[in-house]
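Scroll down for the structure; my scribbles are underneath it.
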Amino acid sequence: MTLRLSSAGESHGPALVAIVAGLPAGLVLDRDAIDADLKRRQEGYGRSPRQQIEQDRVEVLAGLRQGRTLGTPLALVVRNNDHRNWTWGMSPWPAEGEPSGKGTKPVTLPRPGHADLAGVLKYGHDDVRDALERASARHTAVHVAAGAVAKALLATIGIAVRGATVDEEALRANIDAARKERDTVGGIVEVRATGVPPGLGSYATKDDRLDARLAFALMGIQAVKGVEIGDGFALAALRGSQAHDEIRTDRRRDTNHAGGIEAGVSNGEEIVVRAAMKPLPTLMKPLGSVDLQTGEAATALVERSDVAAVEALAVVAEAAVAWELAVAAKEKFGGDAVGDFVAAHRAYVERIAWARA
Ligand code: EPS
């Protein structure tokens with residue numbers, strides 16, 4: 001069974017939901033570990049006051065019994081506490097009573113850089129909110145929960161995944177300066193995965209390639225505008241003799257310019273991927289836009305937002321990479337029961353006589 005993930009949920013709607021299908025049965029999940037990742041995602045430097053309203057926790061509605069997966073779809077829910085302030089404005093059904101709370105007036109001032117303009121044009125909305133609510137990075141919360149489940153599966157075969165910002169100190173100084181100037185900033189995150197055996201992904205077709213799948217997963221996260229694997233763009237300026245990682249007799253490498261992937265296949269070295277995030281588009285000193293109701297020049301919507309969400313992206317990118325590695329590992333090792341998955345991995349590393357570094 002292929003691992004599959006689908007999600008739904010608006011930023012100020014009742015909840016975010018994800019369905020994870022294709023997990024082997026018997027995988028032990030730790031609620032505290034999932035909630036710890038949800039908390040890490042919320043704690044990032046430069047977040048908006050929204051993070052004081054939310055205390056993200058996972059709820060499991062299906063697929064789990066006494067902390068063990070059943071091999072059936074796992075249904076995950078993360079509730080939006082802020083929905084209580086939007087019950088009329090974000091009511092799934094026609095709202096009753098007098099309009100009250102937030103979201104009652106249509107938004108008509110699209111923000112450059114957000115989904116606002118393209119979203120209303122594409123879907124025929126009159127209210128920009130109908131586009132921005134789903135485009136919001138809020139829904140990354142439930143992807144982090146799914147990523148924590150993927151990490152539990154990967155841990156059974158000794159794979160660990162960790163994301164971090166690149167140059168934390170400079171990033172925080174940049175955030176402080178931008179906050180003073182009522183502006184926003186982006187930044188770069190890096191995800192590393194250890195314990196990945198050679199042979200995940202394939203060069204056989206382009207959608208098998210592990211590098212393509214990781215790039216797809218990272219570009220699928222809000223505000224990500226660039227992805228690189230290993231030394232990425234810097235490789236273009238090197239000679240071949242400098243750019244490639246020589247193979248030792250034990251088939252390991254002393255360098256890792258390739259970021260653990262050659263020709264779309266993991267090579268057994270640490271997987272290293274980076275994602276670049278653009279500055280967030282909700283600005284306190286807004287850019288020029290158009291009022292969609294009047295057609296007149298205007299400035300874009302101003303509302304509560306983050307100065308930066310780069311530290312959150314490190315956690316979200318970690319979840320995305322973990323998810324893709326879990327998909328690739330499940331594809332390679334299969335297994336309806338987690339023991340089958342682990343045994344297939346063991347047999348494989350024995351066949352290739354792969355000794356972990
Ligand atoms: C977001 C705008 C802000 C962020 C939000 C993403 O939300 P609000 O408009 O409610 O202040 O805080 O991210 C989250 C809520 C989250 O949990 O990550 C946007 O426009 O994308």
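Residues take their numbers from the sequence shown, with the count starting at 1. Every number for a ligand or one of its atoms is a count from 1 in the order of the listing.
Val327 and Ile261 fall within a single hydrophobic cluster, where Ile, Leu, Val, Met, Phe, Trp and Tyr are joined by side-chain heavy atoms under 4.5 Å apart, directly or via other members.
Summarising the contacts of atom 17 (O) of ligand 1 with Arg50, Arg41, Gln42, the nearest heavy atom is found in Arg41. Ranked by closest heavy atom to atom 6 (C) of ligand 1, the top entry among Ser136, Ser48, Gly44 is Ser136. With Leu313, Val78, Asp306, Asn85 as candidates, the residue nearest to atom 3 (C) of ligand 1 on a non-hydrogen basis is Asp306.
With a heavy-atom cut-off of 4.0 Å, Gln51 touches ligand 1 through its side chain alone. Residue-level proximity to ligand 1 for Leu280 is absent, since no heavy atom of it falls below 4.0 angstrom.
The aromatic rings of Phe333 and Phe341 sit perpendicular to each other, their planes meeting at more than 60°, with 30° as the lower class boundary.
More than 12 heavy-atom neighbours from other residues, nucleotides or ligands sit within 6.0 angstrom of CE on Met219. More than 12 heavy atoms of other residues, nucleotides or ligands sit less than 6.0 Å from atom CD of Glu59.
Using modelled atom types and a 3.5 Å distance limit, the side chains of Asn256 and Glu269 yield no donor-acceptor pair. Of the N and O atoms on the side chains of Ser7 and His143, at least one donor lies less than 3.5 Å from an acceptor on the other residue.
Scanning the protein for heavy atoms near atom 21 (O) of ligand 1, the closest one is Ala137 N, 3.2 Å. Among all protein heavy atoms, the one lying closest to atom 20 (O) of ligand 1 is His114 NE2, 3.1 Å. The protein non-hydrogen atom at the shortest distance from atom 13 (O) of ligand 1 is Arg47 NH2, 3.5 Å.
Under the 4.0 Å criterion applied to side-chain N and carboxylate O atoms, Asp250 and Arg248 are assigned as salt-bridge partners.
Using a 4.0 Å heavy-atom cutoff, Arg304 is listed among the residues neighbouring ligand 1.
When only interatomic distances are considered, the shortest N/O to N/O separation between His12 and ligand 1 falls below 3.5 Å.
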